[in-house]
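Below is one structure, written out as structure tokens; the observations come after it.
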Amino acid sequence: MKFQSPKGTRDFYPQDMAWRQFLTDAWRSVSVRHGFEQVDGPIYETLDLYKAKSGEGIVSELFHFEDRGGREMAIRAEFTPTLARMVAAKANTLSRPIKWFAIPNLVRAERPQRGRLREHWQWNVDLLGVDSPQADAEVIGVAVDFLRQVGLTPQQVHVKISHRRVVRAILAKLGVPDEKMTEAFELLDRRDKIPPEQFTQSAMSLGLDEPRVERFSQMCRRKYHTGDIDHLRRSIGLDDSFNDLGELDAQLSAFGLTDWCEYDLGIVRGLAYYTGTVFELHEVSGVERAIAGGGRYDQLIETFGGPAMSAVGFGMGDVVVTNVLRDKGLLPEDVAPAPDAFVIALTDAAQAQLPGVVAALRRAGRHARFSYKAGRNLGKLLKEASQCRARFAVILDDKAAEGVCELKNLASGEQNQVTIEGVGDRVGNSE
RNA sequence: GUGACUGUAGCUCAAUCGGUUAGAGCAUCGGCUUGUGGUGCCGAGGGUUGGGGGUUCGAUUCCCCUCAGUCACCCCA
């Protein structure tokens, strides 16, 4: 093959495109009914914008280039910097709260692997300007509503919730000094990727003695039900100073989300900018990577030159969620638009009339198709009609000259003689 | 960017130890039964075996490079 699609990218042939459209439509409709408005930005930004959020290290992960004026630019690998820039620029005129969603395509210059390609489409949902944990719960509720809409259940997918400041407090109480805190979070994140001995050794180097290493290990592996915050409080010896976790718990209950959610203090999220709640959506067997991830980032808008503004949001990529739905047998087939009518001509005279009939159907807003084959074999033409999933076959024969045709319902097999004039209505009404 | 494994028709796979013209099913396209449905019969197209180089009388098969895929690392959109 002379040319192929670039590494880690996908071509969307009609079937693939129909699925992508179906998925993004689901994201859009869920967002809209939760009161979010769609936004978008440029597909590339100045490289500095990404450095501002993530530091120099991000550069090697980005596709970047110099424009003709010598400016360093990068194609977007995430949407949050663009969002933060947009909010900061108009912070004074935007009414609060700001509830935005976006469905950008993003690229990263990484080696592809399962659930992680170089280009993907990502649903971003962000709620800015609300300090209360009600916002955290509402945003989680958006993600859960999507899961429900595509047919997933609380038995299949969990929302794992943690809290940066709570975990930090626990670690401090265990005796991790401030300067080792980042290291401790990294260890927490890597706990399942490294052998137990190495975990223990690393934990001890944080200044923990053996019983405390054990408590650390237990803390990051144990799960707690949502809707019962006192249990978590007692279990980890948390005092009352973290009321917002209690408030979050109350809101998760109030929104009816506790079946889907659990506390998992092992959830870290790599991004340093999260300030409070962090969460990830995982398929329970753990064979796929996280379906979505997000959290609270109350300082980011300031970082981008805006006013102090609290914010909470998440991102969900198309690749993992599609994998999960395929694993579960929940990928719907035939999501491409099906024709309302397939028009068939059985005589030369009828064939001359066919374009007019098709055109009239289309003017009436119907999805109408016909055969490009020369044959007059009705069986074959009906086969073609059913193969393209048409709901009706409109059969024109020698009675067509009198304005009459046969209308066949391809699902039921029922067939009636109707006027050609009335076909558009008949085909439109019977959904 | 590092490492491991893999690459034969649109898809799923054959081809003995390195041996003649690389095969099959499905899919696609065409024809047949002269007006009622996906699974009937007949036929056709489709491949520089991912690409390039090497070893050999001879390479789908062995070696090297490269491209792509898969998985892991790094990192986590």
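Residue numbering restarts at 1 for every chain, and letters A, B, ... go by the order of the sequence lines.
With a 6.0 Å radius and a threshold of 12 heavy atoms from other residues, nucleotides or ligands, A:Arg215 has its CZ atom at or below the threshold. For A:Glu302, the CD atom is densely surrounded, since the number of other residues' heavy atoms within 6.0 Å is greater than 12.
When the P atom of B:C76 is taken as reference, atom CZ of A:Arg190 falls 11 Å away, rounded to whole Å. Atom CD1 of A:Ile194 and atom P of B:C75 are 12 Å apart (whole Å). In this structure, A:Glu186 atom CD and B:C76 atom C1' are separated by 13 Å, rounded to whole Å. The interatomic distance linking A:Ile58 (CD1) with B:G1 (P) rounds to 17 Å, in whole Å. Atom C1' of nucleotide B:C76 and atom CZ of A:Arg76 are separated by 19 Å, given to the nearest angstrom. In this structure, the CG atom of A:Leu62 is 13 Å from the P atom of B:A77, given to the nearest Å. Distance, A:Lys53 NZ to B:C75 C1': 13 Å, rounded to whole Å. As a whole-Å value, the separation of A:Glu110 CD from B:A72 P is 13 Å.
Residue A:Leu410 is classed as a base contact, given a heavy-atom separation below 4.0 Å to a base. Using a 4.0 Å heavy-atom cutoff across all strands shown, A:Gly293 reaches no nucleic acid atom at all.
Side-chain contact, A:Tyr263 with A:Asp249: a donor N or O sits under 3.5 Å from an acceptor N or O. With no hydrogens or angles considered, a side-chain donor-acceptor pair links A:Gln113 and A:Arg289 at under 3.5 Å. Inspection of the A:His120 and A:Asn105 side chains reveals no N or O donor paired with an N or O acceptor under 3.5 Å.
One C1' atom belongs to B:C73, the other to B:U66, and the distance between them is 23 Å to the nearest Å. B:C74 and B:U2: their C1' atoms are spaced 8 Å apart (whole Å). B:A72 sits 33 Å from B:A15 when the C1' atoms are compared, rounded to a whole Å. To the nearest whole angstrom, the two P atoms, one in B:A22 and one in B:G69, are 30 Å apart. The same atom, P, is picked in B:U12 and in B:G7; the two are 13 Å apart, to the nearest Å. Straight-line distance between the C1' atoms of B:U48 and B:U21: roughly 15 Å, to the nearest whole Å. Using atom C1' as the reference point in both B:C63 and B:U56, the two lie 12 Å apart (nearest Å). Taking atom P in both B:A9 and B:G47, the straight-line distance is 10 Å, to the nearest Å.
For the pair A:Arg389 and A:Asp189, both in contact range of RNA chain B, the more 5′-proximal nearest nucleotide belongs to A:Arg389. Comparing A:Glu61 and A:Pro6 by the nucleotide of RNA chain B whose heavy atom lies nearest to each, the residue mapping closer to the 5' end is A:Pro6.
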* Working for side-chain contact (heavy atoms from CB on, under 4.5 Å), residues A:Trp100 and A:Leu94 -> CA-CA 12 Å; A:Trp100 284 356; A:Leu94 294 168; 3.9 Å; yes
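Of the residues in residues 111-120 of chain A, those with a non-hydrogen atom less than 4.0 angstrom from any atom of RNA chain B are A:Arg111, A:Gln113, A:Arg114, A:Gly115, A:Arg116, A:Leu117, A:His120. Near RNA chain B, meaning a heavy atom under 4.0 Å from it, residues 101-108 of chain A has A:Leu106, A:Arg108 in order of number.
Residues passing the salt bridge (charged side-chain N to carboxylate O under 4.0 Å, His left out) test with A:Lys7: none are found, sequence neighbours excluded. For A:Arg326, the side chain to side chain donor-acceptor pair (under 3.5 Å) criterion is met by A:Asn323, not counting sequence neighbours. Residues forming a salt bridge (charged side-chain N to carboxylate O under 4.0 Å, His left out) with A:Asp67 (at least two apart in sequence, or on another chain): A:Arg71. The salt bridge (charged side-chain N to carboxylate O under 4.0 Å, His left out) test applied to A:Arg296 returns A:Asp136, A:Asp298, not counting sequence neighbours.
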Protein-proximity profile, nucleotides 26-36 of chain B, B/S/- by nucleotide at the 4.0 Å heavy-atom cutoff, equals ----S-BB-BB
RNA chain B in dot-bracket form (Watson-Crick or G-U pairs under 3.5 Å, [ ] crossing, | inter-strand) is (((((((..((((.....[...)))).(((((.......))))).....(((((..]....))))))))))))....
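For A:Lys7, a side-chain nitrogen or oxygen approaches OP1 or OP2 of B:A68 to under 4.0 Å.
Legend: side chain to side chain donor-acceptor pair (under 3.5 Å) pairs involving residues 122-131 of chain A, not counting sequence neighbours, sorted by first then second residue: A:Ser31-A:Trp123, A:Gln122-A:Asn124, A:Asp126-A:Tyr297, A:Asp131-A:Ser310.
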Show me the donor-acceptor pairs, under 3.5 Å and distance only, between side chains in residues 342-361 of chain A and residues at least two apart or in other chains.
unit_1   : atom_1 : unit_2   : atom_2 : d
A:Thr347 : OG1    : A:Ala350 : N      : 3.0
A:Asp348 : OD1    : A:Arg376 : NH2    : 2.9
A:Gln353 : NE2    : A:Ala400 : O      : 3.0

Donor-acceptor contacts, no H, no angles, side chain residues 379-386 of chain A, under 3.5 Å, sequence neighbours left out:
unit_1   : atom_1 : unit_2   : atom_2 : d
A:Glu384 : OE1    : A:Ser371 : OG     : 2.8
A:Ser386 : OG     : A:Leu382 : O      : 3.3
A:Ser386 : OG     : A:Lys383 : O      : 3.1

Give every donor-acceptor pair under 3.5 Å between a side-chain atom in residues 35-44 of chain A and any protein atom, sequence neighbours left out.
unit_1  : atom_1 : unit_2  : atom_2 : d
A:Gln38 : OE1    : A:Arg28 : NE     : 3.2
A:Asp40 : OD1    : A:Arg76 : NH1    : 3.0

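Considering A:Phe12, A:Trp27, A:Trp19 as possible partners of A:Trp121, the one that fulfils the ring pair (Phe, Tyr, Trp, His ring centres under 6.0 Å) test is A:Phe12.
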